[in-house]
Amino acid sequence: MKRKSLFALSAVVVVAAAALVPVLWSGGDNLHNGSAMAATPADQAALIKKGEYLARAGDCIACHTVRGGKQFAGGLPMATPFGTMFTPNITPDDQYGIGKWTQDDFYRAMHTGRSKDGSLLYPGFPFTSYTKVTRADSDAIYAYLRSVTPVNVPSRPHELKFPFNQRNMLIGWRTLFFREGEYKADPTKSVEWNRGAYLIEGLGHCGMCHTSINAMGGPVSSAAFAGGLIPLQNWYAPSLTSNKEAGLGDWDTKDIADLLKTGVSNRGAVFGPMAEVVHNSLQYMSDEDINAMATYLKTIPQKSEAPEPLQLETSEKFGGELLKQGQKIYADNCAKCHADNGLGMPPAFPPLANNQSIQMPSAVNPIRMVLNGGYPPSTDANPHPYGMPPFAQALSNTEVAAVVTYIRMSWGNHGTAVSPQQVSDLRSAPLD
């Protein structure tokens, strides 16, 4: 077993996914009533509409709505090594929601990571990113949340083990890893670039999944956007700074924009947690904002190497045997959609040849796709996406390892062989 880099969680941080990170605050002491009021009903309606758009950009609904439950009523469990956290009710219910939160209370949570009563918030709520959101945008989101239907359901208390349930432990973490402050535009960059940076670094909080964390659960500042394991979901958020993974330096801006907006492009498709981000959030964003995000992402400095996660190695001889076995499995099960030459039929069936997500050091994502299958997100621009069938019941651990080895090492791909043990570990892992 070779450990290339360390991905760890601390007692005070819970990392879920680019857009699957819950807005966790301590909820409600009942103080003063307040609302974001505009000058006229028309102005108020416009403010609410703007807030709805921004809440989509922040993907708030994904974590604050249990599948089949009332919107924003919370209750989504987030299992961690330190216990279980539950997302809170953020509807405008006076008793259990944020009905008695003022604009100032809401902005304080977003900007400083402190609740209505001043208590420190766990950084599972991405205040380290949301601190960059402007006061005007915070007020708009607040106005929108106050317009949704109140739900009289209590927020379930977190079930964290001692001493992880002691919020005063957050003081040290904040000293090391939190810098309060709204986004400041870079005057040397275009308006479009700055808009993209604001969305990616702020509301989008993309770095929370695409940045490695250290042993204290804090982001590695020197590895921003350089990729990271999403431990609780058993997916790997690839590096955006390395063309060996999901680095975008050699992508056309249109391909980046297509992937963000629809979940598919001529360069590939999104699955797993990122598919949920596209489905719940990005598909609703304007073309102007999507293009701004693509413009910013394309300029993230590229590095020759990406941090390499835990990887089980196979011997050269066994790897060769897997490669040979995988060629037949691919021909029998995969070539119909992805073609004998691995070029696929994009965007419906993505290419596997020269596909960074297939050949990056971590083999987690291709193994999960072969085992569990999946679909890109259903979006307005791609309402009936083609899917990948699961092969967990049809193929053994060795056969899955073989076909993944084959696609990682064929058609000029430079991936390495994978171990059947890796497949076994992921076969028993939760799907989300």
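This is a predicted model, so every value here is computed, not measured. We use all heavy atoms of the structure for the numbers below, so side chains are in, but hydrogens, waters and symmetry mates are not.
- I358 contributes atom CD1, which lies 4.0 Å from atom CD1 of I407 (distance to the nearest 0.5 angstrom).
- Using modelled atom types, no side-chain atom of N413 and backbone atom of Q359 make a donor-acceptor pair closer than 3.5 Å.
- Of the possible polar contacts, one joining the S378 side chain to the P383 backbone as a donor-acceptor pair under 3.5 Å is found.
- Using a 4.0 Å cut-off between charged side-chain N and carboxylate O, E201 and K132 make a salt bridge.
- Between Y284 and Y53, the distance separating the two ring centers is not shorter than 6.0 angstrom.
- A donor-acceptor pair under 3.5 Å is absent between the side-chain atoms of H205 and the main chain of Y130, judged by distance alone.
- Considering every non-hydrogen atom in both M409 and G415, the closest pair reads CG-O, 3.3 Å.
- Without hydrogens or angle criteria, N291 side chain to D287 main chain gives a donor-acceptor distance under 3.5 Å.
- S265 places no side-chain N or O within 3.5 Å of a backbone atom of D258 that could act as its donor or acceptor partner.
- In this structure a side-chain-to-backbone donor-acceptor pair under 3.5 Å is present from H414 to G412.
- Around atom OH of Y183, more than 12 heavy atoms belonging to other residues, nucleotides or ligands sit under 6.0 Å away.
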Q: Kindly determine whether K50 and D137 satisfy side-chain contact (heavy atoms from CB on, under 4.5 Å), including the steps that lead there.
A: CA-CA 8 Å; K50 175 184 177 182; D137 283 354; 3.2 Å; yes
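- Ring to ring, W411 and Y406 are close: their centroids are under 6.0 angstrom apart.
- Using a distance-only test at 3.5 Å, with no hydrogens or angles considered, a donor-acceptor pair links the side chain of T175 to the main chain of I171.
- A donor-acceptor pair under 3.5 Å is absent between the side-chain atoms of E321 and the main chain of F318, judged by distance alone.
- Taking the six-membered ring for Trp, F127 and F178 have ring centres closer than 6.0 Å.
- Using the six-membered ring where Trp is involved, H111 and Y107 have ring planes that are parallel, under 30° apart on the 30 and 60° scheme.
- Using a cutoff of 4.0 Å between basic side-chain nitrogens and carboxylate oxygens, D252 and K298 are not scored as salt-bridged.
- If you take CZ on R114 and CG on D105, they are separated by 13.5 Å, rounding to the nearest 0.5 Å.
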(Q) With side-chain contact (heavy atoms from CB on, under 4.5 Å) as the criterion, how do M293 and M285 come out once you've worked through the C-alpha distance, each side chain's angles and the decisive distance to 0.1 Å? (A) CA-CA 10 Å; M293 294 170 72; M285 300 187 70; 4.0 Å; yes
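- The CG atom of D93 lies 11.5 Å from the OG1 atom of T149; values are rounded to the nearest 0.5 Å.
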Q | Intermediate values then yes/no, side-chain contact (heavy atoms from CB on, under 4.5 Å), M110 and F125 | A | CA-CA 9 Å; M110 294 279 284; F125 165 52; 4.2 Å; yes
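- For Q283 (side chain) and D380 (main-chain N/O), a donor-acceptor pair under 3.5 Å exists by modelled atom type.
- Between F86 and H158, the gap from one ring centroid to the other reaches at least 6.0 Å.
- Separation of atoms SG (C206) and CE (M274) is listed at 6.5 Å; rounding is to 0.5 Å.
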Q.
R167 vs S119, test: side-chain hydrogen bond (donor to acceptor under 3.5 Å, both in side chains). Steps then yes/no.
A. CA-CA 8 Å; R167 288 179 184 265; S119 60; 5.1 Å; no
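- E192 has no carboxylate O lying under 4.0 Å from a charged side-chain N of K189, or vice versa, which leaves the two without a salt bridge.
- A donor-acceptor distance shorter than 3.5 angstrom exists from the side chain of R108 to the backbone of K116, with no hydrogens or angles considered.
- Under the 6.0 Å cut-off for aromatic ring centres, F106 and W101 do not qualify, their centroids lying 6.0 Å or more apart.
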(Q) Walk me through whether T91 and I98 qualify under side-chain contact (heavy atoms from CB on, under 4.5 Å). (A) CA-CA 6 Å; T91 70; I98 62 169; over 6 Å; no
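- Annotation: the span from N333 atom CG to H338 atom NE2 amounts to 11.0 Å, rounded to 0.5 Å.
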